[in-house]
Amino acid sequence: MFVTYPQTKTYFPHFDLMFTAYPQTKTYFPHFDLQHGSAQIKAHGKKVAAALVEAVNHIDDIAGALSKLSDLHAQKLRVDPVNFKFLGHCFLVVVAIHHPSALTPEVHASLDKFLCAVGTVLTAKYR
Amino acid sequence: MLIVYPWTQRFFDSFGNLSSPTAIIGNPKVRAHGKKVLSSFGEAVKNLENLKATYSKLSELHCEKLHVDPENFRLLGDILVIVLAAHFTKDFTPACQATWQKLVGVVAHALAYKYH
């Protein structure tokens, strides 16, 4: 998906959407301007999307590719694991809205599997 | 909870030494906080018909000032059930557990209710 639709790298709506659909996720960003489409949300969404691209490019070793991010989440950020499911879900919703025909059941399953794997890697060092 | 789900320590930087299970168990601030939280559960039991109102201010506090992800309320609830099970062993019947799961569920829900 990132290869076929490189513009996905600039999709920041998934974070904005997550804050609206799952307002409790905002508790991790008290230092952000959380108005819709704020510069901080956009920048953060872009950062996350870039990490996902990195993971896609190393799909056979996601743990290796995201090792530093995994450390960061375990030691500093400590985002509760449930939230990775929320973000993954919002990401899928954004894809569904923008590329409905591309999101066949097989692609949906693949993407979901990938996003779950990323979440697992990011929380792998929690304990 | 601080031991089993160590990422929950993120809210307690001011509590001092949480570096090991022994440190956590012996930490006076942890003990005091546990007492506060359990007392609050006691209030819940006394106000079962009116939980949302009972927890309204606490809910706002946890959202607006403490910035606590409500998932933590669910985690704490599960830990409480396990502690009760270990304490009461065979007296902690399935019916008991079901009731307690329901209670911790509604408390978590009430605490998350004012989140925005």
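Chain identifiers are assigned alphabetically (A, B, ...) following the order of the sequence lines, protein sequences preceding nucleic acid strands; residue numbering begins at 1 within each chain.
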query: Has the side chain of B/N27 got a donor or acceptor atom that lies under 3.5 Å from a matching backbone atom of B/N17?
result: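 Side chain of B/N27 to backbone of B/N17, a donor-acceptor pair under 3.5 Å: yes, one is there.
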Need one label for [X]: side chain, backbone, both or neither, based on atoms under 4.5 Å from any heavy atom in chain A.
X	value
B/L66	neither
B/V4	both
B/Q9	both

message: Can a side-chain donor-acceptor contact be found between B/E64 and B/H116 if the only test is distance below 3.5 angstrom?
response: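 Judged by distance alone, the side chains do pair up.
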- prompt: Do other residues, nucleotides or ligands put more than 12 heavy atoms under 6.0 Å from A/Q35 CD?
  reply: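 Count not over threshold, so no.
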message: More than 12 heavy atoms of other residues, nucleotides or ligands under 6.0 Å from OH of B/Y113: yes or no?
response: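 Not more than 12 within 6.0 Å, no.
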message: Can you tell me which of A/L77, A/D80, A/T123 forms the most heavy-atom pairs within a distance under 4.5 Å of chain B?
response: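 Heavy-atom pairs under 4.5 Å are most numerous for A/D80.
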